[in-house]
Each structure stands twice: as structure tokens, then as C-alpha cells.
Amino acid sequence: MGIHFDEKKRLFHLYSNTTSYILKTTDDGDLIHLFWGEKLRDPDIEYTRRSSLRAFSPSTHESNVDLSYDTMPMEYPFSGTGDFRNSGFVIRYENGATATELKYKRHSISKGKAALKGLPATYTESVEEAESLLIEMEDHLTGIVVELQYAIFNKADAICRSVRLMNHSQQPVFIESAMSCSLDFPDSGFDMLQLSGSWTRERHVHKRRLQPGSQSIESKRGVSSHMQNPFIALMRPDATEFQGDCYGISLVYSGNFKAEAEVEQFGTTRVTMGINTFNFSWKLNPEESFQTPEAVLVFSSKGLNGLSSVYHQLYRERLCRGKFRDKTRPVLVNNWEATYFDFDETKLLDIAKVARDLGIELFVLDDGWFGKRDEDNSSLGDWFEDRRKLPEGLAGLGKKIRDLGLDLGLWVEPEMISKNSELYKEHPDWCLHIPERRKTESRNQLVLDLSRAEVCDFLIETLSKVFSSTNLSYVKWDMNRNLTEVFSVAYPADQQGEIAHRYVLGLYRVLETLVSNFPNILFESCSGGGGRFDPGMLYYMPQTWASDDTDAIERLKIQHGTSIVYPPITMGSHVSAVPNHQVHRTTPLLTRLHTSMCGNFGFELDLEQLEAREKELVIQHIEIYKDIRALIQFGDFYRLSSPFEDNLTAWMFVNKEQSEAALFYCQVLAQPHAPQQIIRLQGLNGNKDYKLLNYDSFFEAMGYKEIYGGDALMKAGFRITPLMGDFQSALLRFKG
Ligand code: DGJ
């Protein structure tokens, strides 16, 4: 792994064990992109990217009339001076002009990876873990400097890119667009994969063949959103889960974003990703700089699963932080779907007592504990306990919960304010709003203006009091609406285009302060389920409530899609009651247990309502989960069969030592006279034998055996056990 600069050829070669990323400066000082893909021994491949003059492409170089920015593979493209494709960035100068021409100025290569000020990013723990490259580009006329930032990890085949724009001119300028990365591919023979959906239907896998013109995904909602995740992959059409070239681009950011693939007239593809230009404009005063979020680029020639495994390891180990990063996570019960707002201390303790008997470790008190909140129309902002429901306050409840042997967790939704609240009476202007215009409500609430330092400070102070007075072990940080009237009364007109991004920066500051001051609290982020399941939030909170949809069958698609980028340890997944509250489907308890056990396991139902034999099943499976949770949470994850393509979903987990594996499969609908299904396992050691721990008289009667060769399980496969009825599943364990 490393970064090599060939001085003679002015060629930069960033390489990992399997990947090469190559760029070079030309005689004219242009920075051109040569290659990103499978590792090359000889990086001198400029011959592949020669451009010639084409009709309607302007001659942009005095040295050679055949050269045009419009046809050159640009590393960080600029606009207005000949390149008609999408731009890496756009600056509006004081005189109104928006044309820029960047030329190479200098570069430096160093060990390690610098943090991005105020923004989440992947990190290193020692300088040996990564190498970094900074390339400074300059617009001679205006003094605008663009610093291209690269880091390549030693152990993960990932390249991180971000950009810093600096104003060395005498006048303020306006950044109208600043992408985190731009990538010029020499062809367009790709499918674009995206993770799209809706509330309760997050991160479904969608694929489309690239077409001439632009294809994009974006969020304009102020958050990364339920609808689009800040990730795309370009896949060769013949790529599968386990073979073929795949390129992933994931943005470490929680606000408005856009990812766009533009296929231009000669069939090349430019991919850009970064903060959405929608309503964005940033005033940059002389000598100020602007830092873009980080884009994490992963190439894999081993298919989509190969791509996912790089993201999983990197995000688990070098994006998530804190004491819980390497710790197995507790099995929890959350009272939301059990009680909604209708609870008192007695009811909570009744649930907690059953939870304790079942082997659950953490009790989470959800919405409704504060102010006068009996419905979703009041009290956000009033972060003091409701003594009607909790006569001895949170502290009293916490003590009783702990006396039962459980830890206490708490739900908060700090970014919001209800009109019907003490806080609103005191600070009616603390929400995002445009004076004189209606303040649009969503779920009966307004959004606090986190672009203002005093609002952020209020949150830090108020939440710190709640967290420290209650001795909390866990916090669920929710956010239940998107941003409207994105305007701040604290900023002048020419800075209103900054507010959406300033909101995110304010949120990051609040989170950074709280997670550093409360290192013993496990934080889980949430936004109406998975509305902000993004790498930015994972930097502060190492797990996310994956979706408000707790139906086991819906969860197959949600968790499958989520796993394209995010590891199972980051996905909160809970067993809930039937008929399911979101889709009214009735699924077997065993299937609900199995599906939830494939993530960060928990419960979200009135445990008192379980029948005795159901409790037995729950006890048994909590025990199994505790036994395999290190495998589930830290093992390698394999998608064997997709709910988007098949009636059968199959996933697999293998530990690092290849001595333990778990195989989960679930059949959506029963089939009459069903064909036999063989599934080929992955990730085992071919030379090892594996014992099927589930082996019993049922397996014996069905003709299975107890010991299997690892090679046989991977090459000949495993025969799916007969699943009788709809929505049936199995969780098999192998030990080698
Ligand atoms: C949305 C979350 O996703 C739910 O789990 C629950 O916490 C509710 N908000 C509470 O209002």
C-alpha cells in the first residue's frame, strides 16, 4: 500500500493490495485522471486516455489546439473554460463571473491521515495505517486554491477523497458547488446501483444501466433521507455478488447530497458526489477555506459482496469510534411499540421484569417521558421528566431498572421543537423559519436552527444535564421530520445558502461534544427509523435504528439493502408483535427472532403479552444470540440469496478465524411441490471440517449429516431444509 510519485512522468500512483488509482500532471499543468481499478504493475497508461479535438469542443490550450478540457479526463473538473460536462466545483466571483481554470501548483505526500475539521471522516490510529496525498491546484487569475485531499488505507482497499477550497483573493467569493470527488471513467458500460426507498421501506436495492445524459440520486430534505442513501455503485453488467468489477462511492455526510453519473457524447462517464447544489451557496471571505465532506471510494473485482466487505470492515473499525466500537452490543427491549405514549412507571417496570427473566440486558425508554407529551404534538424541547408518568423521575426509574439487573437507555429528539412547549414560549425564533412566512410543521413539530451557536450550546447543556443525572447506558437520538423554510434569522441574505450545511455542522458539533463527554453511553441514531442511516452519523453513533418497519419479511429487503454498505453491527433490528404494526402481517415468532438476530438484536413489544411457550423460545434464542453475537457483530457477512431476486433470502456470517459460521435463510412464500434448493456457502476454510451444531433427529431423518467439509459446503453447497409454510426461516450454526 502506498502513494508513489514518478517525478519524471509526473505520475501519482495510489495503490493498495488490489487497487490502483492513477493521476498525472501534464506539461500544461493540468491534472488528469488516468485510472481507477484492479491493481496495475505498470501505472504509465496515459496512452489509454489520449484526447483529440472534436467538433464543438473548444481548443483550450495555446500549446496544442487539439487539446480541450471538454474531452480530457479531468481529476477535479472546473467549468466555464471549455469543459461542458458536470463540474467538480463552481465559484461565483464578485464580478458575477463563474469561470475557473485550475493548474497544478504543488503536492505533498505524508504518512497517516489528517482529520477533517468539524466533519466526520474515516481515521487512522497510527500513521502506519494510511498514506496521504495533497495536491494544490490554483486559478492564477483569481488566487482561488483547491486542495485535493487523498488517503489510502493500508489494510482496507479504500481511497478517501475530499477537497478544501481556499480564497487567496482580495474579495469574497461564493462557492455555488463543491463536490467531494469527481471520477472520469473511460467508458459507460455500467449498471448504477442505488439504495432507495421511503419511510418503512429504506435502502431497497435498485439498478439501472447507464444511459447517455445524467442519472442521479439526491436528497434535498436537509438529511441524507429515507428516500436515497448517500451511496452509489457502478457495476459491470456481468458482476455478481462474488465476481466482477464494482466501484462504490459513499459520502460521509448527513445532509443534502447528490451523486450523479453523466455519460457524455463519446461514451465516457463522469461521476460526481458531494453536497447537493440545491439551495447551496457559501460565502468565502479572503483567506477563509471551505472543507467538503469525505467520499470513500472502494473498488472490488470480487463483486458486490467484495465491495461490501471492504466498507464493512472500514466503517466498523475506522469510522465508528469510542469504547463501543469493539464491544459486543447489548440485547435491548424498547417500549415504543409496546406502549407508545401510554405508559407509567409501573407498566415500564413490568416490562423490564419480564425482560430480565428472558435474558435481555438493556431497557430503553422511548418517546413520551418528558414535558407533557401524551401525543406527538407537544413538549419537544422540554427535556425534563413528566412526573405524572415517572413520579420519582428518570433517576428513580433508573435505579429500579438497575436493581433488576438491567441498564437504562433513553430516547431523545433534540433537534426539534414543538410549538406547544416551554422552549417555544421562551425562544419562538430558535426554529428554522422565514419571518412572516408560515412555519411548516411536520409531525406537529419544527426544527431547531442548529446553524446558530447558542441553539447548539443550549442542546449540549440541557442534554448533558439529563445524561449525567440519570446515569444512562444508552441514548437513542431520533429526528422525525425533514427541513423546510431553511433560513436563519441569525444570518444575512447572502449567507442563507449556507444554512442547510451549517445545520449539519452544528449537529456534528453537538454530537462531537456529547459523545466525547459521555464515553460510557452507547448512542444509537435514528430518524423515523432509517432516515439518516449514513456514514456521517455512524462516526458519532456506532449503531442506527434501521427502520420503523419491524415486520420480519419487510426487514429482509431493508437489512439486505443496508448491508451493501453498512455492517450488521450498525443495524438495530427488533422483534415486534403480530400482526405487525406497520404492515399487519403475521409472521412466526421464530422468523422474527432469526431476522432480528442477523443485526443488532432487540425487542420492541409488550413482553408481558408473550405466552409461556413463546417466552421459552425467546429465552432460548437470546442465549443463542449471546453465544454468536461476536460472530454476527464482528464476523464477515455474505449475501447468498437476495430478497429482491428470490423467494429465498440467505445470509451468512463467518468469524475471522473461519472456525464459526452462521447461516440464515428465510422463505417468503411456501411453494407447492417446491424444487430442491442448494445454496453454496462462502468464506469457510476449504481444508477444515465443520460440525452442524443444529444437527438432531430432524436433520438425521432428512438425510443430513453432522460433519461437512468446508470445501463441500462452498462448492457442492448445502441443501436448504424443507420450510413448511409462508414466512419460515432457519438459523444454522457451524463450528470448524
Ligand atoms: C420514530 C422512531 O423511529 C421510533 O422508533 C420511535 O422512537 C418514534 N420515533 C417515537 O416518536
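Hydrogens, waters and symmetry mates play no part in the numbers below; they use all other heavy atoms, side chains included. Atoms within a ligand are numbered from 1 in the order they appear, just like the ligands themselves. Predicted model only: the values in this text are computed from it and were never measured.
Defined by atom type and a distance below 3.5 Å, a donor-acceptor pair is missing between the side-chain atoms of Q633 and R629. Counted by atom type alone, E413 and N480 present one or more donor-acceptor pairs between their side chains at under 3.5 Å. A donor-acceptor pair shorter than 3.5 Å cannot be found between the side chains of W369 and D386.
Here is the list of ligand 1 atoms found below 4.0 Å of a heavy atom in W545: 3 (O), 5 (O). Against a heavy-atom cut-off of under 4.0 Å, C526 is close to the following atoms of ligand 1: 2 (C), 3 (O). Atoms of ligand 1 found under 4.0 Å from any heavy atom of G529 (numbered from 1 in listed order, with element): 3 (O). Residue contact check: D367 has heavy atoms under 4.0 Å from atoms 10 (C), 11 (O) of ligand 1.
Only the side chain of N480 comes within 4.0 Å of ligand 1, judged by heavy-atom distances. Contact annotation: for R373 versus ligand 1, there are no heavy atoms closer than 4.0 Å.
Evaluated for a salt bridge (charged side-chain N to carboxylate O under 4.0 Å, His left out) with E554, the options R585, R203, R201 yield exactly one hit, R585.
Ring-plane geometry between F341 and W336 is classed as perpendicular, the angle between the planes exceeding 60 degrees on a 0 to 90 degree scale with a lower cut at 30. Between H501 and Y253, the angle of the ring planes lies from 30° to 60°, which puts this pair in the tilted group. Between Y311 and Y315, the ring planes lie tilted relative to each other; the angle falls in the 30° to 60° range. Note on ring orientation: taking the six-membered ring where Trp is involved, the planes of H204 and H206 are parallel (angle under 30°, cut-offs 30° and 60°).
At a 4.0 Å cut-off, at least one heavy atom of K476 sits close enough to ligand 1 to count as contact. At least one heavy atom of R443 lies less than 4.0 angstrom from ligand 1.
The protein heavy atom nearest to atom 9 (N) of ligand 1 is D478 OD2, 2.7 Å. Regarding atom 3 (O) of ligand 1, its nearest protein heavy-atom neighbour is D548 OD1, 2.4 Å. In this structure, atom 7 (O) of ligand 1 lies nearest to the protein heavy atom D366 OD1, 2.7 Å.
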